[in-house]
Amino acid sequence: MLKVKNLNTGYDNVPVIFDVSFEVNEGELVSIVGSNGAGKTTILRAISGLIRPFSGEIEFEGKRIDVMPAHEIVSLGIAHVPEGRHVFSKMSVRDNLLLGAYTIDSEAEIEKILKEVFEIFPRLKEREGQKAETLSGGEQQMLAIARGLMSRPKLLLVDEMSLGLMPILVDKVMEILKEISKRGITVLLVEQKVQEALEMADRAYVLQTGKIIGHGTGSELLTSDLVKKAYMGM
Amino acid sequence: MKKSKISPLIIILLVILVLPFIKADINFQHMLIIFLIFAGLGEAWNLITGFAGQTSFGHAAFFGIGAYTSTILFYKFSISPWVGMLVGIAVSTLVAAFVSYPCFKLKGHYFAIATMAIAEITKQLFISWDYVEGATGIMIPIVDESLASMQFHTSKIPYFIIAYCLFVISILIANYIEKNRMGFYLKAIRESNEAAESIGINTTVYKLYAMMVSAALSAAFGTLYAQYILYIDPFMLFSLDISMKIVLLTVLGGLGNIYGPIIGAAILIPLSEYTRIFFGGTGKGIDLIIFGALIVVVACFEPRGILGAFKKKRKVERGAYDAKANA
């Protein structure tokens, strides 16, 4: 579904990502794990068109998307849940969600998706009329994910959702991602919390200083020496 | 919800409409016309800065382009200022699109600085442009008073009516944008450009729309201002003074709200017009000193402007009421 081939990118001519290739198949939950500064966020930004590759190709359902502007990529069915949540803090939860449905025109359709999203996130339903800034960190993260779902994406890109959440909430949000994946949405998760991310992923890639140094199924990687040594201090 | 937001607005508009007839004093009527022009400019500016969050310090450019376009057409070709107003709107919109597209690549303060530079560049351009009489400015030829020539010599009421209509139009446009999808998109862009992009909003295009509408409205007021004062020169039209007045009054009243510019202009314009009347030339700037002090106070205690203070008070009262109801 998503194919990244020999991607090189970065900011203002400072290269961050070196020759990265990976793919995500339909229905999978794929993680990219790596420590701070490995370039995880940069890869997601390149996929959703917020930055351009220096070289290499990004393909979505057979179409090259690395030359398309961000807003067109969204309408193809890729939703990006940005790092640090970025909810529209002065707007109500409902308005935040409705804005997520930007690419959908029919009001009835929007209501339908809204209902589904509230099914996954009953907590947000309770807080529908509240301003987003009054939500807790975990609820804001849920709102950001829910907003991503509002565009009926085929592929959901989730960036570092554990950031600033207490461990029990991290588990909770991970559960939700699994639930989303079960509903048939492909998920690409980028995460620093290596253990949790590997446990839930179908497949995962390990990123270090801009290069992919290993990949495999989540459980394979969990037991591999490479990951143990590098990220779990064992 | 919608109803309660409209009705105070209608009351305010009706009150403004009857004011010049209740107090038929020339100075007062003059003050009202200037008030309407600046409140309208504030509404226009609010679209791009209050809603979309892109601070513009260069709205004098669009105001001036509107004034110059209609004046040149009238002065050189005797074309009615009404037609001139439409042409001015078109020119200003095009200029806005052309210059702000590259500027939108800049963020935050840098965008603000760029817009300031645009107004300054426009000023220098007009100062050294002989065809538009350069720095000497243009005295608009005085003709018989008529609606077609947008000149009225015996009474200020017709000017008031025109200013009032333009003002109402700008309120309606601001209100329409605020209540519709575009308003939400602009607010989303203001809150977080990145998040707005990540949900698929073409942020550049919407910022551009907001800027173009804003410039169009500013240009219309420019034409009216020129026809009212009957003299224009680059120094008064493209001055930082005008850009800043628009900014200040909106910020004082309340950013991102259609009432903000009305409240701000209702304070600043009487202040500046009456200090000018009382102190004459020596009083120049006193209004801005007082106004500056007000801004400092508002910025320290209530950054959302006077309107924000009101809202907060209402919320506190409501909160107290809820607490009582719960107890």
Side-chain angles (χ1 to χ4, degrees), chain A residues 41 44-45 47-51 68-92 94-105 107 110 113 129 131-134 140-141 143-153 156-159, chain B residues 1-2 4-5 46 49-53 101 104-108 110 177-210 254-257 260 302-305 307-308 311-312 314-316 318-319 322:
Chain A
T41 301
L44 288 196
R45 290 173 62 94
I47 296 172
S48 59
L50 295 171
I51 54 170
M68 294 168 85
H71 60 273
E72 279 176 26
I73 294 176
V74 178
S75 56
L76 287 181
I78 299 183
H80 186 172
V81 179
E83 184 180 8
R85 307 193 265 275
H86 284 291
V87 294
F88 302 118
S89 54
K90 304 279 177 213
M91 293 187 188
S92 71
R94 190 186 167 82
D95 285 346
N96 263 277
L97 292 174
L98 290 181
L99 271 166
Y102 175 84
T103 48
I104 291 161
D105 285 327
E107 301 266 334
I110 292 175
I113 305 173
K131 277 192 182 168
E133 61 185 353
T134 64
Q140 285 187 26
Q141 183 63 62
L143 178 58
I145 297 174
R147 189 183 59 198
L149 290 177
M150 287 298 294
S151 64
R152 269 266 151 90
L156 187 69
L157 308 176
V158 184
D159 193 357
Chain B
M1 181 77 200
K2 213 165 187 178
S4 70
K5 253 201 155 168
N46 212 3
T49 306
F51 291 165
Y101 183 75
F104 282 138
K105 301 249 183 272
L106 302 169
K107 300 244 151 69
Y110 298 102
I177 288 178
E178 191 186 6
K179 296 268 155 59
N180 276 280
R181 276 181 168 225
M182 182 165 167
F184 280 92
Y185 299 157
L186 294 179
K187 282 178 190 169
I189 293 169
R190 177 185 68 193
E191 297 277 319
S192 167
N193 198 67
E194 184 145 318
E197 250 176 63
S198 80
I199 57 173
I201 296 175
N202 188 342
T203 55
T204 312
V205 162
Y206 276 100
K207 284 190 274 192
L208 214 55
Y209 285 162
L255 211 57
N257 188 297
E302 188 45 67
R304 287 179 302 163
L307 212 65
K311 272 193 182 156
K312 201 152 110 192
R314 265 200 356 226
K315 217 178 226 172
V316 168
R318 218 186 310 147
D322 286 348

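Convention: sequence-line order gives letters A, B, ...; per-chain numbering from 1. Values in this document were obtained by computation on a predicted structure and should not be read as measured data.
Taking A:Ala70, A:Ser89, A:Ala101 one by one and counting their heavy-atom pairs under 4.5 Å with chain B, the maximum is reached by A:Ser89.
Residue contact with chain B, scored on non-hydrogen atoms closer than 4.5 Å, is absent for A:Ser75. Residue contact with chain B, scored on non-hydrogen atoms closer than 4.5 Å, is absent for A:Leu44.
At least one side-chain heavy atom of B:Tyr185 sits less than 4.5 Å from a side-chain heavy atom of A:Tyr102.
More than 12 heavy atoms of other shown residues, nucleotides or ligands fall within 6.0 angstrom of atom OH in B:Tyr206. B:Tyr209 OH: 12 or fewer foreign heavy atoms inside a 6.0 Å radius.
Between A:Glu83 and A:Arg45 there is no salt bridge, since no side-chain N of the basic residue sits under 4.0 Å from a carboxylate O of the acidic one.
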